[in-house]
Amino acid sequence: MPDYFTHYWNTATCEFQQAGRPLHHTAGNDFAHKHVAPGDYVYVVNILRGRLRIIGRMQVARIVNYDEACELLDYDPWDADEHCLAVPGSATTVRLDRFVPIELVRRLRFARTDNSMVPLAFRDRDADLLDQQTLRAVRRLTPQSAALLDGILDQEQPH
């Protein structure tokens with residue numbers, strides 16, 4: 001049974017990306033520590049002006065180091081320790097204009113190591129603005145929360 005994780009791209013990374021291409025790769029330094037493994041799903045996210053945007057989703061085929069990533073990719077990847085490569089055909093399209101409705105954001109839950117569940121943190125609950133730090137680390141989504149995000153992503157995928 002796969003697990004589901006969020007991975008945060010900062011705004012500079014988002015601006016560097018090419019919207020419209022498949023999300024076949026993402027890089028970071030925390031995947032192994034958070035127990036991301038082949039078969040798991042990674043949801044790339046960003047917070048822009050307090051709003052959650054979902055960049056895309058991929059199923060992890062394997063995790064390689066920087067040198068292996070340089071050999072396998074047709075571009076120079078970010079110099080990170082760990083590079084997740086997608087299962088062919090599993091990657092959604094990279095989009096920078098896809099925001100998660102606030103009513104869904106409030107329903108998202110993340111699993112902690114003690115199996116308790118926690119929501120996202122808001123910096124201003126009345127204005128529905130997310131705390132910029134709430135998704136900085138790789139976080140494990142509950143399957144129900146992953147399904148909420150899938151509902152947004154799968155609306156746009158060809159059937």
Side-chain angles (χ1 to χ4, degrees), residues 1-28 30-31 34-63 73-75 77-78 80 82-112 117-159:
M1 188 106 169
D3 282 322
Y4 310 90
F5 297 88
T6 59
H7 177 59
Y8 191 82
W9 281 0
N10 65 30
T11 301
T13 299
C14 290
E15 291 170 1
F16 177 75
Q17 298 303 313
Q18 294 178 344
R21 69 166 179 82
L23 178 66
H24 64 274
H25 164 258
T26 193
D30 209 20
F31 296 116
K34 297 293 183 166
H35 306 289
V36 177
D40 291 342
Y41 288 86
V42 173
Y43 297 78
V44 174
V45 297
N46 171 261
I47 296 175
L48 182 64
R49 292 185 294 279
R51 295 179 60 205
L52 177 62
R53 61 180 171 171
I54 183 162
I55 309 301
R57 174 193 66 219
M58 61 178 275
Q59 185 176 25
V60 178
R62 61 186 174 147
I63 301 173
L73 299 171
D74 59 356
Y75 56 89
W78 180 57
E82 301 164 336
H83 294 259
C84 291
L85 304 177
V87 169
S90 73
T92 62
T93 301
V94 170
R95 291 226 359 225
L96 304 176
D97 61 349
R98 187 173 30 218
F99 289 88
V100 179
I102 191 63
E103 59 273 6
L104 293 185
V105 171
R106 290 192 179 285
R107 293 173 53 197
L108 295 177
R109 295 292 179 268
F110 296 84
R112 299 171 82 176
M117 292 183 278
V118 296
L120 290 171
F122 287 82
R123 70 174 188 221
D124 183 342
R125 203 143 181 90
D126 293 332
D128 295 329
L129 300 176
L130 286 169
D131 183 312
Q132 192 71 25
Q133 300 300 316
T134 195
L135 287 165
R136 289 286 181 177
V138 171
R139 297 189 66 186
R140 187 164 50 103
L141 283 161
T142 64
Q144 298 82 3
S145 294
L148 292 174
L149 297 178
D150 288 342
I152 295 168
L153 294 165
D154 291 344
Q155 289 176 17
E156 302 166 6
Q157 297 306 305
H159 298 288

Practice problem: Determine yes or no for a side-chain-to-main-chain donor-acceptor pair under 3.5 angstrom, with Ser90 supplying the side chain and Val87 the backbone. | Solution: yes
Quiz item: How far apart are the closest heavy atoms of Pro2 and Gly39, and which atoms are they?
Solution: CB-O, 3.2 Å
Quiz prompt | Residues in side chain to side chain contact (heavy atoms under 4.5 Å, CB included) contact with Leu135, at least two apart in sequence or another chain | solution = Thr6, Tyr8, Val45, Ile47, Leu52, Phe110, Leu120, Arg139
Self-check item: Side-chain heavy atoms of Thr26 within contact of Met58, under 4.5 Å
Solution: yes
Quiz item: If you draw a 6.0 Å radius around CZ in Arg109, do more than 12 non-hydrogen atoms from other residues or ligands fall strictly inside?
Solution: yes
Quiz item: Considering residues at least two apart in sequence or located in another chain, which fulfil the salt bridge (Lys or Arg N to Asp or Glu O under 4.0 Å) criterion with Asp30?
Solution: none
Practice problem: Nearest 0.5 Å please: distance from the CD atom of Glu15 over to the CG atom of Leu96. | Solution: 9.0 Å
Quiz prompt | Rounded distance [0.5 Å steps], CD1 in Ile152 versus CZ in Arg57 | solution = 11.0 Å
Exercise. Write down the atom of Ala91, the atom of Pro22, and the distance for their closest heavy-atom approach.
Key: CB-CB, 4.0 Å
Quiz prompt | Check: His25 and Cys84 side chains under 4.5 Å, non-hydrogen atoms | solution = no
Quiz prompt | Trp78 side, atom CH2; Phe16 side, atom CZ - distance, nearest 0.5 Å | solution = 12.5 Å
Quiz item: Where does the angle between the aromatic ring planes of Tyr43 and Tyr4 fall among parallel (under 30°), tilted (30 to 60°) and perpendicular (over 60°)?
Solution: tilted
Exercise. Working to the nearest 0.5 Å, report the span between CG of Leu85 and CD1 of Ile63.
Key: 9.0 Å
Quiz item: Between His7 (side chain) and Ala27 (backbone), is there a donor-acceptor pair under 3.5 Å?
Solution: yes
Quiz item: At what distance, to the nearest 0.5 angstrom, does CZ of Arg95 lie from CD1 of Ile55?
Solution: 10.0 Å
Quiz item: Is there a side-chain contact between Pro77 and His83, using heavy atoms and a 4.5 Å cut-off?
Solution: yes
Exercise. Please step through side-chain contact (heavy atoms from CB on, under 4.5 Å) for the pair Val36 and Glu82, ending with a clear verdict.
Key: CA-CA 11 Å; Val36 177; Glu82 301 164 336; over 6 Å; no
Exercise. Before accepting this row, confirm whether a basic side-chain N of the pair Lys34/Asp40 lies closer than 4.0 Å to the acidic partner's carboxylate O.
Key: no
Quiz item: Tyr41 and Asp150: side-chain donor and acceptor closer than 3.5 Å?
Solution: no
Quiz item: Taking only residues two or more places apart in sequence, or in another chain, which ones meet Arg21 in a side chain to side chain contact (heavy atoms under 4.5 Å, CB included)?
Solution: Trp9, Gln17, Gln18, His24, Val94
Quiz item: So Arg51 and Asp128, salt bridge (Lys or Arg N to Asp or Glu O under 4.0 Å) or not? Walk me through it.
Solution: CA-CA 8 Å; Arg51 295 179 60 205; Asp128 295 329; over 6 Å; no
Quiz item: Atom CD of Gln132 and atom CG of Leu129: how far apart are they, to the nearest 0.5 Å?
Solution: 10.5 Å
Quiz item: Does CZ belonging to Arg136 count more than 12 external heavy atoms closer than 6.0 Å?
Solution: yes
Practice problem: For the pair Arg53 and Asp97, find out whether any cationic side-chain nitrogen is under 4.0 Å from an anionic carboxylate oxygen. | Solution: no
Quiz item: Can you find a pair of side-chain heavy atoms, one from Thr92 and one from Ile54, that are under 4.5 Å apart?
Solution: no
Exercise. With side-chain contact (heavy atoms from CB on, under 4.5 Å) as the test, would you mind laying out the steps for Thr93 and Leu153 before giving the verdict?
Key: CA-CA 9 Å; Thr93 301; Leu153 294 165; over 6 Å; no
